[in-house]
Amino acid sequence: MNAALEALKERGFLQQCTDLEGLSKLMDEGPVTFYEGCDPTGPSLHIGHMVPYFAMRHMHAAGHRAIVLMGGGTARIGDPSGKTTMRQIISYEEIDANTKRFLAQIDNFLRLDGKTMFSDNNKNWLADLNYIDFLRDIGRHFSVNRMLSFEAYRQRMETGLSFIEFNYQLLQSYDFLQLYKRHGCRLQIGGDDQWGNIVAGIELIRRVEGAECFGLTFPLVMTSDGKKMGKTEKGAIFLDPAMTSPYEFFQYWRNVTDADVERFLLMFTFLPPAECRELGRAKDAGINQAKERLAWEVTALIHGKDEADKALAAAKAAFGGAAAGDVSQIPSKILARAELGKGMGVLDLFVYSGLVPSKSEARRLVQQGGAVVNDRKIEDEKTVVDTGWLDAEGALMLRAGKKRVFRILTD
RNA sequence: GGGGAGAUUCCCGAGUGGUCAAAGGGGGCAGACUGUAAAUCUGUUGGCUUACGCCUUCGAAGGUUCAAAUCCUUCUCUCCCCA
């Protein structure tokens with residue numbers, strides 16, 4: 001098998017390929033242009049988006065040409081694949097703004113050079129599409145019977161599928177065709193939920209252009225306990241530091257399940273496969289170090305080494321005991337000293353920190369024994385905290401349970 | 001166009017006049033056990049309140065009633081069947 005594909009396989013990226021042998025041969029012959037598309041439907045990329053971009057980096061490093069396609073056009077509609085409900089329709093302005101942010105984040109990670117790695121936007125050919133022409137030239141190649149047999153649509157038949165969503169596959173197929181014509185793109189990569197759309201695109205190109213193209217999908221990464229990867233209760237883990245702080249980002253990886261360590265190291269870092277496997281094999285204290293490594297590596301890739309160092313220092317301060325790390329890196333907020341001087345109820349203090357959303361929740365926390373201020377467990381919800389509680393640095397260390405830490409600083 | 005079913009707290013889903021902030025499950029949070037893991041067990045899970053209690057919530061708006069998630073009217077949306 002082609003070396004680049006072999007490398008992807010070794011790292012656990014390969015899920016399905018339309019013709020692995022054929023693709024391997026093509027890649028052996030020389031640089032292959034490939035693309036991955038993503039619809040800018042939110043303000044930031046999240047971890048779930050990243051699998052294809054990691055794969056892209058590996059492939060680009062092996063000499064192939066990568067196209068990052070922004071679905072500025074398709075975002076106006078919504079992809080029904082793998083969804084149970086219709087996507088929220090968002091405004092064109094919002095899509096454009098999202099596109100800019102996505103591209104900035106992608107560029108930060110991939111370093112688009114404009115030649116061997118560049119972006120395009122399907123808005124360029126979809127926005128002003130003529131409906132009649134599209135039906136004549138493209139629509140006639142699609143069999144509704146066939147489309148209905150796809151799992152993605154079949155599921156939605158139960159709950160309802162609007163006509164515009166039903167068209168998504170045609171548009172994505174058309175994208176592939178356009179990229180083939182404009183950039184000589186021969187391969188589309190993506191998450192496995194895109195399989196049906198990718199195959200449809202390949203077929204369209206075969207019919208219209210008589211050319212053979214390829215599709216390659218990656219596993220939809222789930223955590224070992226069956227949850228969607230990169231999701232927490234609060235929502236997705238975003239790349240935007242304003243939405244998910246580097247510290248939270250780091251902690252997400254730091255708290256990954258043992259069984260996921262090796263897999264995630266392989267997919268979300270560039271450490272050599274042998275090292276990933278070795279780290280993943282560790283037990284007890286060792287596996288914790290491996291998680292720390294995983295967290296640092298991924299954080300460094302996304303937010304830079306400085307941020308990764310800071311996050312690590314904060315984590316050590318929060319969990320490693322007293323002087324193990326740098327407390328200044330723990331998430332914090334400033335409270336006026338004068339305000340605290342008047343005395344503040346612990347419940348209000350916890351609400352102020354944002355560790356809990358309401359006083360009721362704060363009360364529950366105290367009652368259940370999860371509220372700690374400066375290593376002192378709060379037993380009474382009526383406890384009043386004042387400046388006398390401040391530590392040497394004039395700060396308060398708040399803990400909600402064992403995992404959530406917050407510092408209150410004073411001016 | 002005709003007929004039928006439905007919209008419940010984060011999700012699924014019970015609930016057909018007071019005993020409903022609303023069963024059960026999932027998820028979350030906290031505690032125990034640990035390794036900042038998993039599994040397991042326990043508690044908890046609208047807001048304000050020390051508490052009595054008060055306020056907001058059962059698609060939307062009105063109405064009946066001492067009292068409504070539950071009854072009536074109109075509206076919005078979803079699904080199914082027939083044309």
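Every chain is numbered from 1 and lettered A, B, ... according to where its sequence line falls, protein lines coming before strand lines. No hydrogens, no waters, no symmetry mates; every other heavy atom, side chains included, goes into these values.
Only the C1' atoms considered, rA37(B) is 39 Å distant from rU50(B), to the nearest whole Å. Comparing rU19(B) with rA23(B), their C1' atoms sit 14 Å apart, to the nearest whole Å. Taking atom C1' in both rU76(B) and rG62(B), one finds a spacing of 15 Å when rounded to whole Å. When the P atom is used for both rC66(B) and rU16(B), the distance is 23 Å, rounded to whole Å.
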Scoring nucleotides 44-55 of chain B by protein non-hydrogen atoms under 4.0 Å (B base, S sugar-phosphate only, - none) yields SS-SSBS-----
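Nucleotide rG1(B) forms a pair with rC82(B), judged by Watson-Crick or G-U wobble geometry with both contacts under 3.5 Å. Using N1 to N3 plus N6-O4 or O6-N4 for Watson-Crick, or N1-O2 and O6-N3 for G-U wobble, each under 3.5 Å, rU40(B) pairs with rA32(B). Pair assignment for rG59(B) gives rC75(B), based on Watson-Crick or G-U wobble hydrogen-bonding distances that are each under 3.5 Å.
Screening residues 135-148 of chain A for side chain to side chain donor-acceptor pair (under 3.5 Å), with sequence neighbours left out, gives R146(A)-E203(A). For residues 282-317 of chain A, every residue pair satisfying the ring-ring contact (aromatic ring centres under 6.0 Å, His included) rule, not counting sequence neighbours, is listed here: F249(A)-H303(A).
For the pair K359(A) and D348(A), the salt-bridge criterion is met [side-chain N within less than 4.0 Å of a carboxylate O]. Remark: E307(A) engages K310(A) in a salt bridge, criterion side-chain N to carboxylate O under 4.0 Å. Under the 4.0 Å criterion applied to side-chain N and carboxylate O atoms, K342(A) and D386(A) are not assigned as salt-bridge partners.
In the set rA38(B), rG35(B), rC29(B), the nucleotide with an atom closest to the side chain of R404(A) is rC29(B). Nearest to the side-chain atoms of K402(A) among the listed nucleotides rU36(B), rC33(B), rA37(B) stands rC33(B).
Between rA37(B) and K403(A), a contact under 4.0 Å exists linking OP1 or OP2 to a side-chain N or O.
With a 6.0 Å cutoff to the six-membered ring centre and a 45° limit on the axis angle, R76(A) counts as a cation-pi contact of Y92(A).
Atom CD1 in I287(A) sits about 10 Å away from atom C1' in rG35(B), given to the nearest Å.
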